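What follows is one structure encoded as structure tokens, with my remarks underneath.
Because the structure is a prediction, the values reported are computed rather than measured. In the text below, chain A, chain B and the rest are named by the order of the sequence lines, each starting its count at 1. All heavy atoms count here, side chains included; hydrogens, waters and symmetry mates do not.
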There are 2 protein chains.
Amino acid sequence: MSLRHAVLGLLSEEPASGYDLMKMFEISLSNVWPATQSQLYGELGKLAEAGLVDVSAEGPRGRKEYAITEEGLAELRRWITEVEPTRVTRSDMLLRVFFLAQVSPDQARAYLRHQAELVRERLENLEGVRGFLREREDNLSVHGRITLEYGLRLGKAQLEWAEWAEGQIR
Amino acid sequence: MSLRHAVLGLLSEEPASGYDLMKMFEISLSNVWPATQSQLYGELGKLAEAGLVDVSAEGPRGRKEYAITEEGLAELRRWITEVEPTRVTRSDMLLRVFFLAQVSPDQARAYLRHQAELVRERLENLEGVRGFLREREDNLSVHGRITLEYGLRLGKAQLEWAEWAEGQIR
DNA sequence: AGGACCATGTAAAGAGTTACATGATTAT
DNA sequence: ATAATCATGTAACTCTTTACATGGTCCT
């Protein structure tokens with residue numbers, strides 16, 4: 001149930017509407033915990049019902065601004081410190097590598113080369129995020145940079161692996 | 001729909017029953033594409049209905065052995081070479097890092113230290129898999145080693161990141 | 001007036017998890 | 001005998017995705 005905590009986390013910085021959250025998910029959480037608009041509105045409803053958030057204001061166009069409650073903040077902290085992260089690794093990219101014997105060595109190498117290219121693009125994209133984050137000093141940016149560094153480091157490792165793997169075929 | 005292709009991939013090596021596949025998923029695919037027993041039997045039914053696999057033999061205790069069809073093999077190859085891998089990264093571990101400002105610096109550092117420890121355990125586990133794979137020369141083992149190398153390299157990057165990140169707090 | 005954007009919601013389908021349910025065969 | 005393992009299946013629930021549906025407000 002991490003979507004719930006992603007929403008609580010964003011609301012712990014400042015109150016926001018479903019629409020605002022949607023934008024925040026797109027900008028800052030898309031690489032960590034993507035969510036759709038549809039999911040967001042549903043979750044906000046459940047969160048309000050559970051008393052973890054409140055409708056703090058209403059605006060034009062039926063806008064409802066939600067604020068985290070004390071209970072919600074407590075739940076967020078409990079989740080951060082007490083709940084063990086679940087390790088679910090599902091990678092259809094890697095699944096293909098596992099079965100690469102089913103295609104020709106040329107196709108296999110092309111596949112790995114293509115993966116390397118995709119990772120390069122992703123790294124460029126992350127460098128863009130780095131630029132966006134530079135100079136900003138709020139909580140989310142500080143920890144956003146730490147999270148970003150994770151993406152950068154793992155991306156580089158992935159790139160080196162893809163290049164190495166290509167050399168391993170035949 | 002990658003579960004489908006994971007099953008096709010395993011069946012491309014040799015025919016197997018749902019029970020056999022279950023064991024194979026546990027041993028070799030648990031770090032790449034985990035699946036439950038329940039999912040497997042459902043998928044085999046759908047795969048048979050779609051003509052991608054056949055019941056090739058029946059044994060004691062209602063055992064049904066499935067074999068991949070030509071159509072199934074074609075679909076597997078198409079999926080490997082033509083379908084773009086989907087990049088879905090969801091990490092509740094990283095999500096917590098993003099919101100680490102909500103707990104004390106001590107708690108935050110403890111969290112990162114704990115993550116480092118978990119990665120170390122995971123790396124040890126992967127070294128065990130490496131031992132298991134050593135000397136084996138079948139298709140799945142060869143590509144299994146390439147897949148394993150991925151886990152090892154990314155695990156190491158993750159470990160270094162966690163240690164670096166701990167130093168970044170305050 | 002019209003386009004861009006703000007804003008919320010519902011429905012249906014697909015995937016994955018957990019638990020339940022049942023029974024046969026093999027080895028000690 | 002009985003425990004371990006082989007073997008298959010269903011049900012209920014949660015999460016995620018995609019599509020549909022609707023309308024208000026702001027800016028030029």
Side-chain angles (χ1 to χ4, degrees), chain A residues 1-8 10-11 15-27 29-50 53 55-66 79 83-92 95, chain B residues 1-8 10-11 15-27 29-50 53 55-66 79 83-92 95:
Chain A
M1 260 204 320
S2 296
L3 172 65
R4 154 159 304 201
H5 299 98
V7 171
L8 287 175
L10 289 176
L11 290 179
S17 68
Y19 191 84
D20 295 339
L21 288 170
M22 205 180 90
K23 295 290 172 190
M24 294 163 93
F25 266 86
E26 274 169 29
I27 296 167
L29 244 35
S30 61
N31 288 305
V32 175
W33 202 273
T36 59
Q37 173 257 24
S38 179
Q39 259 182 302
L40 245 32
Y41 286 103
E43 193 59 47
L44 281 170
K46 284 181 221 158
L47 240 16
E49 210 185 334
V53 304
V55 175
S56 56
E58 305 208 17
R61 284 165 292 205
R63 179 176 208 270
K64 280 185 276 183
E65 193 178 74
Y66 292 88
W79 175 78
V83 182
E84 279 284 292
T86 58
R87 148 157 293 285
V88 239
T89 349
R90 275 202 174 82
S91 165
D92 62 331
L95 190 57
Chain B
M1 260 205 319
S2 296
L3 172 63
R4 152 159 305 200
H5 300 98
V7 171
L8 287 175
L10 289 177
L11 290 180
S17 68
Y19 191 84
D20 295 338
L21 289 169
M22 203 181 91
K23 296 290 171 189
M24 295 163 93
F25 266 85
E26 274 170 28
I27 296 166
L29 244 37
S30 62
N31 289 304
V32 175
W33 203 274
T36 59
Q37 174 259 22
S38 180
Q39 260 182 301
L40 247 30
Y41 285 104
E43 194 59 48
L44 281 170
K46 284 181 220 159
L47 240 16
E49 208 184 335
V53 305
V55 175
S56 55
E58 306 208 18
R61 282 166 293 206
R63 179 177 209 271
K64 280 185 276 184
E65 195 178 73
Y66 293 89
W79 175 79
V83 182
E84 279 284 291
T86 58
R87 149 155 295 285
V88 239
T89 348
R90 275 200 175 83
S91 165
D92 61 333
L95 190 57

Legend entry - Rounded interatomic separation in angstrom, taking CG from Asp20(B) and C1' from dC6(D): 10 Å

Inset, instruction - Using atom CZ of Phe25(B) as one end and atom C1' of dA7(D) as the other, report the distance to the nearest whole Å. - result: 17 Å

Inset, instruction - Please report, rounded to the nearest Å, how far the C1' atom of dT10(D) is from the CD atom of Glu43(B). - result: 16 Å

Legend entry - Nearest-Å distance for atom pair CG/P, residues Leu44(A) and dA7(C): 13 Å

Legend entry - Polar side-chain atom of Ser17(A) near backbone of Asp20(A) as donor-acceptor pair, under 3.5 Å: yes

Inset, instruction - Could you state the atom-to-atom distance from CG of Leu47(A) to P of dT8(C) in whole Å? - result: 15 Å

Inset, instruction - Would you mind building the protein contact string for nucleotides 19-25 of chain D? One character per nucleotide, 5' to 3', B for base within reach (heavy atoms under 4.0 Å), S for sugar-phosphate only, - for untouched. - result: B----BB

Inset, instruction - Taking only the side-chain nitrogens and oxygens of Arg63(A), find out if one of them lies under 4.0 Å from OP1 or OP2 of dC6(C). - result: no

Legend entry - Phosphate contact (dC15(D) OP1 or OP2) by Gln39(A) side-chain N/O below 4.0 Å: no

Legend entry - Presence of Tyr41(B) side-chain N/O under 4.0 Å of dG9(D) phosphate oxygens OP1/OP2: no

Inset, instruction - Taking the side chain as every heavy atom from C-beta outward, state whether Leu21(B) and Leu44(B) have any atom pair closer than 4.5 Å. - result: yes

Inset, instruction - Write down the atom of Arg4(A), the atom of Ala50(A), and the distance for their closest heavy-atom approach. - result: NH1-CB, 4.5 Å

Legend entry - Under-4.0 Å side-chain N/O to phosphate OP1/OP2 contact, Lys64(B) with dG9(D): yes

Inset, instruction - Could you state the atom-to-atom distance from CG of Leu40(A) to C1' of dC15(D) in whole Å? - result: 14 Å

Legend entry - Spacing between His5(A) atom NE2 and dT14(D) atom P, to the nearest angstrom: 15 Å

Legend entry - Note, Met24(A) side chain near Leu29(A) side chain (heavy atom, < 4.5 Å): no

Inset, instruction - To the nearest Å, give me how far apart CG (Asp92(A)) and C1' (dA15(C)) are. - result: 14 Å

Inset, instruction - Compare the minimum distances between each of dA7(C), dT18(D), dT8(D) and the side chain of Thr36(A), then state the nucleotide with the smallest one. - result: dT18(D)

Legend entry - Upstream residue (5' side of DNA chain D) when Gly18(B) and Ser2(A) are each assigned their closest nucleotide: Gly18(B)

Legend entry - Side-chain touch Phe25(A)/Val7(A), heavy atoms, less than 4.5 angstrom: yes

Inset, instruction - Please examine the side chains of Tyr66(A) and Leu10(A), heavy atoms only from C-beta on, and report whether any two atoms are closer than 4.5 Å. - result: no

Inset, instruction - Identify whether any heavy atom of Met22(B) sits under 4.0 Å from a base atom; if not, whether one sits that close to sugar-phosphate; answer base, sugar-phosphate or nothing. - result: nothing

Inset, instruction - Describe the nucleic acid contact of Arg90(B) in one word from base, sugar-phosphate, nothing, applying a heavy-atom distance below 4.0 Å. - result: sugar-phosphate

Inset, instruction - Check Leu40(A) against Ala35(A) and note the closest heavy-atom contact, atom names and distance. - result: CD1-CB, 4.0 Å

